Amino acid sequence: MQTLHVDLGTRSYPIHIGPKLLQNPELLHPHIQGQEVLVVTNDTIAPLYLEQTLALLEGYDVGTVILPDGEQYKTLDTLNLVFDALLEKHFTRRCTLIALGGGVIGDITGFAAASYQRGVNFIQIPTTLLAQVDSSVGGKTGVNHALGKNMIGAFHQPQCVIADTDTLNTLDDRQLSAGLAEIIKYGLINDPALFAWLEENMTELLSRNSNALMYAIEQSCRDKADIVAADEKESGVRALLNLGHTFGHAIETGTGYGTWLHGEAVGCGMLMAAELSFQHNWISKTELDRTANIIKQAKLPFTPPTSMNSTQFLDIMSVDKKNIEKKIRLVLLKGIGKSFISDDFDNALLQDLLNSKLDSNPAQQG
Ligand SMILES: NC(=O)c1ccc[n+]([C@@H]2O[C@H](COP(=O)([O-])OP(=O)(O)OC[C@H]3O[C@@H](n4cnc5c(N)ncnc54)[C@H](O)[C@@H]3O)[C@@H](O)[C@H]2O)c1
Ligand SMILES: [Zn+2]
């Protein structure tokens, strides 16, 4: 097992990473205050890991909430089911919520913990690769609104994160690749050594080699924890974590949520960001090719959906919440591991890129 620390003063917390962690109650107990614990999970994960999790909680006053599975349930209505359970059990401010699941469960549970009685403890037990390397770390919580994804939420840091790599064995291949996209992202943002390691070890990761997964998760959490420690509320450097996300968000919105997985859209979006950077001569052809290759090696889609056209794509990018005063802001590259935030790129090159990717498809014409 590896343990990292997210350094946020009084809100600092450990991240434990490794196999068999769901067999070790000692990781959990120090972070539970009082006796009241509510485990929040969904109907896919409950049959797989709920019993094992409850076995860690013997002696506590434990409730469980099993939510329906899916991003479409990341809503205020579903959040209310968590509050119902907390209130029906008369849980007090000293209760602890445990999120057992992927990013959807983590985000809902974290927001429930941020707002129940103005804030209670919570613990993340992330069970997808994406949640283990990204969503469980950093304290962003929330739900979607019909008019926008993640529009209602709060910053609320967990007491600890327990990433049991054994849980990844039941994850389907597409979900695994989607998580790899966020790992590749850390390499591109500021960790060229991780990127080079991924180029050598992608086969091991795809075959779910436990040591390889542990290493990749650890490095990713370390990179994310450093960025979060430097800029918890995203007023500066934390925005780098959005590499590939403005393009990716356009794909997710344009195709309808759920058609592309978030990580798939981000993978393709990172390649588009690299291509735009190359068009500006900010990265070399070799660096662009390395980026394309790693996306392909991770079995992620690398061309945007041909059902979209460039006008639609640009329209969605223009309303992205990261934009300040209507200028599109993008995370772009000056090298592998050298990212920067810019609204000062050449719009004509962006337009050319989108035209070449989206409007040259014969199916679009006529
Ligand atoms: N808070 C943040 O900083 C942050 C960062 C990135 C993403 N997110 C959010 O995370 C969500 C995406 O997370 P995700 O990719 O984990 O999706 P998810 O939570 O929907 O999980 C993906 C699927 O895998 C299933 N699953 C989970 N663990 C499993 C396991 N061990 N075995 C088998 N199946 C399993 C889930 O039930 C679901 O069907 C989005 O809502 C996104 O907005 C949040
Ligand atoms: Zn993401």
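As the structure lists them, so they are numbered: ligands from 1, and atoms in each ligand from 1. Values below: all heavy atoms of this structure, side chains included; hydrogens, waters and symmetry mates excluded. These numbers were taken from a predicted model, which means no experiment stands behind them.
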H31 NE2 to H29 NE2 distance, which is reported to the nearest 0.5 Å: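 The NE2 atom of H31 sits 11.0 Å away from the NE2 atom of H29.
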Inter-residue atom distance W282.CH2 - L276.CG, 0.5 Å rounding: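 Going from CH2 on W282 over to CG on L276, the span is 7.0 Å.
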Q132/L213 under side-chain contact (heavy atoms from CB on, under 4.5 Å): CA gap, chis, key distance, verdict: CA-CA 10 Å; Q132 293 190 354; L213 283 168; over 6 Å; no
All ring pair (Phe, Tyr, Trp, His ring centres under 6.0 Å) counterparts of Y215, not counting sequence neighbours: W197
Matching residue for K224 among D134, D231, D191 - test: salt bridge (Lys or Arg N to Asp or Glu O under 4.0 Å):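 Of D134, D231, D191, salt bridge (Lys or Arg N to Asp or Glu O under 4.0 Å) with K224 is met by D134 alone.
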Go ahead and list the nitrogen or oxygen contacts between ligand 1 and the protein that come in under 3.5 Å, distances to 0.1 Å, or just say none.
residue  : atom   : partner : partner atom : Å
ligand 1 : 1 (N)  : D107    : OD1          : 3.0
ligand 1 : 1 (N)  : K140    : O            : 2.8
ligand 1 : 13 (O) : G103    : N            : 3.2
ligand 1 : 16 (O) : G103    : N            : 2.8
ligand 1 : 16 (O) : T128    : OG1          : 2.6
ligand 1 : 19 (O) : G103    : N            : 3.1
ligand 1 : 19 (O) : V104    : N            : 3.0
ligand 1 : 28 (N) : T127    : O            : 3.3
ligand 1 : 28 (N) : T127    : OG1          : 2.7
ligand 1 : 31 (N) : T127    : O            : 3.0
ligand 1 : 31 (N) : T167    : O            : 2.9
ligand 1 : 31 (N) : T170    : OG1          : 3.3
ligand 1 : 32 (N) : T170    : O            : 3.4
ligand 1 : 32 (N) : T170    : OG1          : 2.7
ligand 1 : 37 (O) : N42     : ND2          : 3.0
ligand 1 : 37 (O) : D69     : OD1          : 3.1
ligand 1 : 37 (O) : D69     : OD2          : 2.9
ligand 1 : 39 (O) : D69     : OD1          : 3.1
ligand 1 : 39 (O) : D69     : OD2          : 2.7
ligand 1 : 41 (O) : E71     : OE1          : 2.6
ligand 1 : 41 (O) : E71     : OE2          : 3.2
ligand 1 : 41 (O) : K74     : NZ           : 2.8
ligand 1 : 43 (O) : K74     : NZ           : 3.0
ligand 1 : 43 (O) : K149    : NZ           : 2.7
ligand 1 : 43 (O) : N150    : ND2          : 3.3

Chi angles and distances behind the side-chain hydrogen bond (donor to acceptor under 3.5 Å, both in side chains) call for E182, S220: CA-CA 8 Å; E182 302 281 2; S220 299; over 6 Å; no
Residue pair L171 / R208, side-chain heavy-atom distance below 4.5 Å: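 In contact.
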Residues K357, F247; criterion side-chain contact (heavy atoms from CB on, under 4.5 Å); working and verdict: CA-CA 12 Å; K357 293 276 165 198; F247 291 104; over 6 Å; no
In the protein, N/O/S atoms that are found under 2.8 Å from the Zn ion (ligand 2), waters not counted: E182 OE2, H245 NE2, H262 NE2
Within residues 7-33 or reaching into it, pairs that qualify as salt bridge (charged side-chain N to carboxylate O under 4.0 Å, His left out) - sequence neighbours excluded: R11-E232
